[in-house]
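Written out below as structure tokens is the structure these notes cover.
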Amino acid sequence: MHLDIAWQDVDTVLLDMDGTLLDLAFDNFFWQKLVPETFSVKQGLTPEEAQNVLRQEYHAVQHTLNWYCLDYWSERLGLDICAMTTQQGPRAVLREDTVPFLDALQKSGKRRILLTNAHPHNLAVKLEHTGLASHLDLLLSTHTFGYPKEDQRLWQAVAYETGLNPERTLFIDDSEPILDAAAKFGIRYCLGVTNPDSGLAEKHYLRHPGTNDYRGLIPSLLKEM
């Protein structure tokens, strides 16, 4: 599925963070390897037992704000998730195509808004190690609104907060359910990232066009100027 964007009709570009602007390898390592290993040692479980427990825990709150909440997981698992996040901060890295794309958006006068489900502490750590904030106009964590991106109430709140016009907005994310929620709200252009984790095979979207390199969007974006 290919996405032809009429850039002259786009004012605002909403961007997810993890897997979209940053390499998802950080989060996959943290939640799939580090947390289970630390949990297994603390609880005296085998690695397999720990993985099974966490798989159930993760699944129980998927697509809710708790899934993204470091405080929730600290309490639930008896681990200091915030401290672990701080310690792992240097692992957070930008995608290669992120800065060229964000700079091109700025050059063409588009408003660049980060819209992430990441917990504010997680967001702060990643900004510190990547310098991402200097390439964006506004940074929003859904935790400040009380709803994740999967929830229509979040989209209503963000539209009210930012004054964005859904018909003149492009949204980029690496989660199909979240892209679905954006489309349902009326966001005109919804684009999926097919290579959120640089170490894994590409993924495919059933209902949305995808890209593996934002640099492919830059020529048409700058041509509009």
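This one's a predicted model, so the numbers in the text were calculated from it and none came from an experiment.
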With hydrophobic residues grouped by side-chain heavy-atom distances under 4.5 Å, do [X] and [Y] end up in a single group?
X: L70; Y: L140; value: yes
X: Y68; Y: W31; value: yes
X: L24; Y: Y58; value: no
X: L79; Y: V125; value: no
X: V53; Y: M84; value: yes

Mind running side chain to side chain contact (heavy atoms under 4.5 Å, CB included) on I81 and Y72 for me, showing each step along the way? CA-CA 9 Å; I81 299 291; Y72 172 85; over 6 Å; no

Quick one: does [X]'s side chain get under 4.5 Å of [Y]'s, heavy atoms only?
X: P100; Y: Y214; result: no
X: H143; Y: C69; result: yes
X: T98; Y: L132; result: yes
X: R188; Y: L170; result: no
X: V10; Y: R168; result: no
X: R111; Y: D11; result: no
X: T116; Y: T142; result: no
X: W73; Y: V35; result: no

Looking at every non-hydrogen atom in both residues, tell me the closest pair between [X] and [Y] and how far apart they are.
X: C82; Y: S74; result: N-OG, 4.1 Å
X: E176; Y: L206; result: OE1-N, 2.9 Å
X: L191; Y: P209; result: CD1-O, 3.5 Å
X: D173; Y: Y205; result: O-OH, 3.9 Å
X: P36; Y: A50; result: O-CB, 3.6 Å
X: G146; Y: L65; result: C-CD2, 3.6 Å

Using the side chain to side chain contact (heavy atoms under 4.5 Å, CB included) rule, take D18 and N117 through it: C-alpha gap first, then chi angles, then the decisive distance, then the call. CA-CA 9 Å; D18 300 313; N117 278 334; over 6 Å; no

Can you tell me how far [atom2] of [Y] sits from [atom1] of [X], rounded to the nearest 0.5 angstrom?
X: N66; Y: E75; atom1: CG; atom2: CD; result: 9.5 Å
X: L164; Y: F171; atom1: CG; atom2: CZ; result: 11.0 Å
X: T194; Y: N212; atom1: OG1; atom2: CG; result: 4.5 Å
X: L102; Y: L21; atom1: CG; atom2: CG; result: 5.5 Å
X: S141; Y: H121; atom1: OG; atom2: NE2; result: 12.5 Å
X: T169; Y: W155; atom1: OG1; atom2: CH2; result: 9.0 Å

Between [X] and [Y] (side chain of the first, backbone of the second, donor and acceptor by atom type, cut-off under 3.5 Å), is there such a pair?
X: E150; Y: P177; result: no
X: E128; Y: T86; result: no
X: R112; Y: L138; result: no
X: D80; Y: A83; result: yes

Would you call [X] and [Y] a salt bridge, using N to O less than 4.0 angstrom?
X: R215; Y: D97; value: no
X: R207; Y: D180; value: yes
X: D197; Y: K203; value: no
X: D23; Y: R91; value: no

In this structure, are over 12 heavy atoms from other groups packed under 6.0 Å from E49 atom CD?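 Counting other residues, nucleotides and ligands, CD of E49 exceeds 12 neighbours.
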
Before giving the answer on side chain to side chain donor-acceptor pair (under 3.5 Å), spell out for W7 and S220 the whole-Å C-alpha distance, their side-chain angles and the decisive distance to 0.1 Å. CA-CA 8 Å; W7 285 108; S220 63; 3.0 Å; yes

Run the numbers on L139 and L127 for side chain to side chain contact (heavy atoms under 4.5 Å, CB included), then give the verdict. CA-CA 10 Å; L139 296 91; L127 293 178; 3.6 Å; yes

As a quick check of understanding, evaluate salt bridge (charged side-chain N to carboxylate O under 4.0 Å, His left out) for D27 and K126, giving each step before the final call. CA-CA 11 Å; D27 295 84; K126 288 171 176 173; 3.0 Å; yes

R95 vs D213, test: side chain to side chain contact (heavy atoms under 4.5 Å, CB included). Steps then yes/no. CA-CA 9 Å; R95 291 170 54 97; D213 194 330; 5.6 Å; no

Taking L115 as the fixed residue, which of T162, T20, V158 is the one that meets the side chain to side chain contact (heavy atoms under 4.5 Å, CB included) rule?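 So, applying the side chain to side chain contact (heavy atoms under 4.5 Å, CB included) to L115 and each of T162, T20, V158, only V158 qualifies.
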
